2 protein chains.
Amino acid sequence: MEKDICLTTCVDQQRVARVVQGLPAEPLLLGAAEIFKMLADPNRLRLLHALAQEELCVCDLAELVETSASAVSHQLRLLRTARLVACRREGKMVYYRLDDDHVGRLLREGLRHAEEG
Amino acid sequence: MEKDICLTTCVDQQRVARVVQGLPAEPLLLGAAEIFKMLADPNRLRLLHALAQEELCVCDLAELVETSASAVSHQLRLLRTARLVACRREGKMVYYRLDDDHVGRLLREGLRHAEEG
DNA sequence: ACCTCACCTGAATGATTGTTCAGATGTTTA
DNA sequence: TAAACATCTGAACAATCATTCAGGTGAGGT
């Protein structure tokens with residue numbers, strides 16, 4: 001790595017140190033990246049946006065994004081383990097909903113930014 | 001696809017139709033997914049968080065995330081084409097900053113959600 | 001003009017990710 | 001209990017992404 005060259009010339013150590021101090025803790029960064037990763041797919045955004053409006057079952061969601069129930073199930077598992085959605089079984093069917101409305105807020109914020117860009 | 005089976009049994013067409021209506025337009029969804037994709041990497045989060053505090057050059061940023069200037073340059077290009085950061089040349093060096101503070105807001109919102117989850 | 005340095009780019013490799021398919025689980029109804 | 005159905009899971013394949021390396025650009029100093 002050419003770090004040695006760079007270190008002595010253009011890197012402003014003070015500036016870097018200052019900024020490093022301000023960085024969020026490692027687990028926080030990883031957690032946030034994980035959440036954003038879940039939001040980084042149009043189909044998952046559709047699912048989440050739909051669930052922000054009302055509770056839906058896997059079958060409805062599959063219809064919504066025009067794919068197989070299996071594929072949706074995989075996506076939902078990801079969203080579930082990331083704590084973005086929660087589910088509730090009613091007979092044969094499983095109904096999903098947003099876990100809380102932080103998610104909805106993030107979603108809206110992202111869409112708003114997309115509108116303006 | 002087993003849509004035909006499913007359609008006649010468990011899919012609530014009305015519910016799906018209602019939710020489909022509420023979905024954001026296609027380009028908006030794609031745009032938002034694109035933005036979230038940029039935020040879905042710990043190193044890029046570090047870069048953005050740092051740039052939210054102050055303007056930094058490529059070399060500083062490489063030092064910050066402990067990687068090569070080339071790798072950072074690639075990342076910065078992604079962030080630049082996604083309009084999340086902007087840059088300014090001063091002599092040999094190029095200084096980067098956040099393009100606007102929507103980005104900062106998204107970042108904070110994501111981190112806050114990570115804290116609570 | 002030349003050399004050095006900060007930064008950028010394109011192509012290739014290696015790692016992650018998404019989807020599909022086949023089969024498993026658990027629930028209802030007959 | 002057996003059959004039908006909604007959903008879940010694991011493994012394999014395809015696509016997508018990040019990093020590296022080698023070379024290229026443009027600014028400054030000598």
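These figures come from a predicted structure and were not determined experimentally. Labels below follow one simple rule: chain letters A, B, ... track the order of the sequence lines, proteins then strands, and each chain is numbered from 1.
dC17(D) atom C1' lies 10 Å from atom CE of M38(B), rounded to whole Å. Separating the CZ atom of R88(A) from the P atom of dT7(D) is a distance of 12 Å, rounded to the nearest angstrom. For the pair L79(A) CG and dG18(C) P, the interatomic distance rounds to 10 Å; values are reported in whole Å. Spacing between atom CE of M93(A) and atom C1' of dC5(D) amounts to 11 Å, rounded to whole angstrom units. Between F36(B) atom CZ and dT16(D) atom P there is a gap of 21 Å when expressed in whole angstrom units. Residue R89(B) contributes atom CZ, which lies 12 Å from atom P of dA6(C) at whole-angstrom precision. Taking atom OH on Y95(A) and atom P on dT27(C), their separation rounds to 16 Å, with Å as the unit.
Between the side chains of H113(B) and E109(B), no donor-acceptor pair is found at a separation under 3.5 Å.
Remark: D100(A) engages no residue in a salt bridge (Lys or Arg N to Asp or Glu O under 4.0 Å) (not counting sequence neighbours). Residues meeting the side chain to side chain donor-acceptor pair (under 3.5 Å) test with Q14(B), sequence neighbours left out: none.
Each salt bridge (charged side-chain N to carboxylate O under 4.0 Å, His left out) pair with one or both residues in residues 10-21 of chain A, not counting sequence neighbours, appears once here: D12(A)-R15(A), R15(A)-D60(B), R18(A)-E54(B).
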For nucleotides 8-11 of chain D, list the nitrogen or oxygen atoms of the protein found under 3.5 Å from its nitrogen or oxygen atoms, one pair per line.
unit_1	atom_1	unit_2	atom_2	d
dC8(D)	OP1	Y96(A)	OH	2.5
dC8(D)	OP2	S73(A)	OG	3.0
dT9(D)	O4	S70(A)	OG	2.9
dG10(D)	O6	H74(A)	NE2	2.8

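Taking for each of C57(B) and E34(A) the nucleotide of DNA chain C with the nearest heavy atom, the 5'-most of the two is the partner of C57(B). Of the two residues near DNA chain C, E90(A) and L78(A), the one whose nearest nucleotide lies more 5' is L78(A).
Residue L48(A) is tested with L98(A), N43(A), D41(A) for a side chain to side chain contact (heavy atoms under 4.5 Å, CB included); the sole match is L98(A).
Counting non-hydrogen atoms under 4.0 angstrom, L61(B) reaches nothing in the nucleic acid.
Under the 4.5 angstrom side-chain criterion for Ile, Leu, Val, Met, Phe, Trp and Tyr, the cluster partners of M93(B) are Y95(B).
Contact check, R44(A) against dG18(C): a side-chain N or O comes under 4.0 Å of OP1 or OP2. Taking only side-chain nitrogens and oxygens, K92(A) never comes nearer than 4.0 Å to OP1 or OP2 of dT29(C). Under 4.0 angstrom from either OP1 or OP2 of dT17(C) there lies no side-chain N or O belonging to Q75(A).
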Please tabulate, one pair per line, all N/O donor-acceptor pairs under 3.5 Å involving side-chain atoms of residues 26-39 of chain A, not counting sequence neighbours.
unit_1	atom_1	unit_2	atom_2	d
E26(A)	OE1	R46(B)	NH1	3.1

